[in-house]
Amino acid sequence: MTTAQEKTLNDFFVHIFNKINSLEEQALQRIGARNLSIKEIHVLEAVSEQAQQGQNTMTAVAESLSIQTSSLTTSVRTLVRKGYLTRQVGSQDRRQVYIALTPKGEAANQIHSRFHAQMIHSAAAQFSDEELEVLTQMLKQLDRFFAEMQELGEAQENDFEDL
């Protein structure tokens, strides 16, 4: 890899993440959801996705976000207080905590989903069908790479727990 390619990739990863976050923040402001952070809207999104699969426990949602359950607990507590989520202890296993979107949470998640759909369609319009096919294949490869890196990092963390 050349130095120019390395710089381009680094700039892409850093800047695209920041640009998307900025666009999401602007979208939240426009819809009047000023009391939601990007992190919180992504929690709502994960709860919705897990609920569709019947897996809306704290553990499943935390895993889908690749965060610790303790980190999710803080966000959920705030989102319950703001009226976007409900929490319920499992009836069969009281150790299980289920979280669900309220109507207010559903509305915020739908607006966020529409934002993502518009963003994807606008971005895709910049490419031909062939370019989109190549791009999606490359992005799948990158996704696998980052998943492997994450697994490797988790494995290394577990090594230190034995010390």
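The figures here come from the full heavy-atom set of this structure, side chains too, leaving out hydrogens, waters and symmetry mates. Since the structure is predicted, the reported quantities are computational estimates derived from the model, not experimental observations.
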Reported CG-to-OG distance for the pair Leu65 and Ser75, which is rounded to 0.5 angstrom: 8.5 Å
Side-chain heavy atoms of Met58 within contact of Ile99, under 4.5 Å: yes
Student check: side-chain heavy atoms of Asp143 and Glu148 closer than 4.5 Å: no
Spacing of CD belonging to Glu133 relative to OG belonging to Ser128, to within rounding of 0.5 Å: 10.5 Å
Heavy-atom neighbours of Gln96 CD exceed 12 at 6.0 Å: yes
With sequence neighbours excluded, residues passing salt bridge (Lys or Arg N to Asp or Glu O under 4.0 Å) with Lys104: none
Reported OH-to-CG distance for the pair Tyr84 and Leu44, which is rounded to 0.5 angstrom: 8.0 Å
Do any side-chain atoms of residues 1-10 form donor-acceptor pairs under 3.5 angstrom with protein atoms, and if so which ones, sequence neighbours left out?
{"residue": "Thr2", "atom": "OG1", "partner": "Gln5", "partner atom": "N", "Å": "3.0"}
{"residue": "Thr2", "atom": "OG1", "partner": "Gln5", "partner atom": "OE1", "Å": "3.3"}
{"residue": "Gln5", "atom": "OE1", "partner": "Thr2", "partner atom": "N", "Å": "2.9"}
{"residue": "Lys7", "atom": "NZ", "partner": "Asp11", "partner atom": "OD2", "Å": "2.7"}
{"residue": "Thr8", "atom": "OG1", "partner": "Ala4", "partner atom": "O", "Å": "2.9"}

Euclidean distance, Leu135 CG relative to Gln126 CD, rounded to 0.5 Å: 11.5 Å
Closest approach of Ala100 to Val47 (non-hydrogen atoms, all atoms of both residues): CA-CG1, 4.0 Å
Pairs satisfying side chain to side chain donor-acceptor pair (under 3.5 Å), at least one member in residues 51-65, at least two apart: none
Heavy-atom closest contact (Leu36 atom, Ala108 atom, distance): CD1-CB, 3.9 Å
Sub-4.5 Å side-chain heavy-atom contact between Val80 and Thr86: no
Single-linkage hydrophobic cluster Ile120~Met138, side-chain heavy atoms < 4.5 angstrom: no
Single-linkage hydrophobic cluster, 4.5 Å side-chain cutoff, Val134 and Leu139 together: no
Below 3.5 Å, can you tabulate the donor-acceptor pairs from side chains in residues 110-117 to any protein atom, sequence neighbours excluded?
{"residue": "His112", "atom": "NE2", "partner": "Glu24", "partner atom": "OE2", "Å": "2.7"}
{"residue": "His112", "atom": "NE2", "partner": "His116", "partner atom": "NE2", "Å": "3.1"}
{"residue": "Ser113", "atom": "OG", "partner": "Asn109", "partner atom": "O", "Å": "3.1"}
{"residue": "His116", "atom": "NE2", "partner": "Glu24", "partner atom": "OE2", "Å": "2.6"}

Residue pairs involving residues 35-45 (criterion salt bridge (Lys or Arg N to Asp or Glu O under 4.0 Å); sequence neighbours excluded): Glu40-Lys82
Exercise: identify the closest heavy-atom pair between Ile41 and Ile38: CG2-O, 3.0 Å
Val76 reachable from Tyr98 in the ILVMFWY side-chain graph, under 4.5 Å edges: no
Asn18 CG to Leu23 CG distance, which is reported to the nearest 0.5 Å: 11.0 Å
Check: Gln141/Gln137 side-chain N/O donor and acceptor closer than 3.5 Å: no
Thr73 and Arg87: CA distance, side-chain angles, deciding distance, side-chain contact (heavy atoms from CB on, under 4.5 Å) verdict: CA-CA 10 Å; Thr73 299; Arg87 286 173 62 135; 4.2 Å; yes
Hphob cluster co-occupancy, Phe17 + Phe12, side-chain heavy atoms under 4.5 angstrom: no
Evaluation steps, side-chain contact (heavy atoms from CB on, under 4.5 Å), between Val97 and Gln88: CA-CA 6 Å; Val97 177; Gln88 185 174 353; over 6 Å; no
Closest non-hydrogen atom pair, Val61 against Ala46: CG1-CB, 4.0 Å
Partners passing ring pair (Phe, Tyr, Trp, His ring centres under 6.0 Å) against Phe146 (at least two apart in sequence or in another chain): Phe13
Side-chain donor or acceptor of Ser122 paired with backbone N/O of Gln118 under 3.5 Å: yes
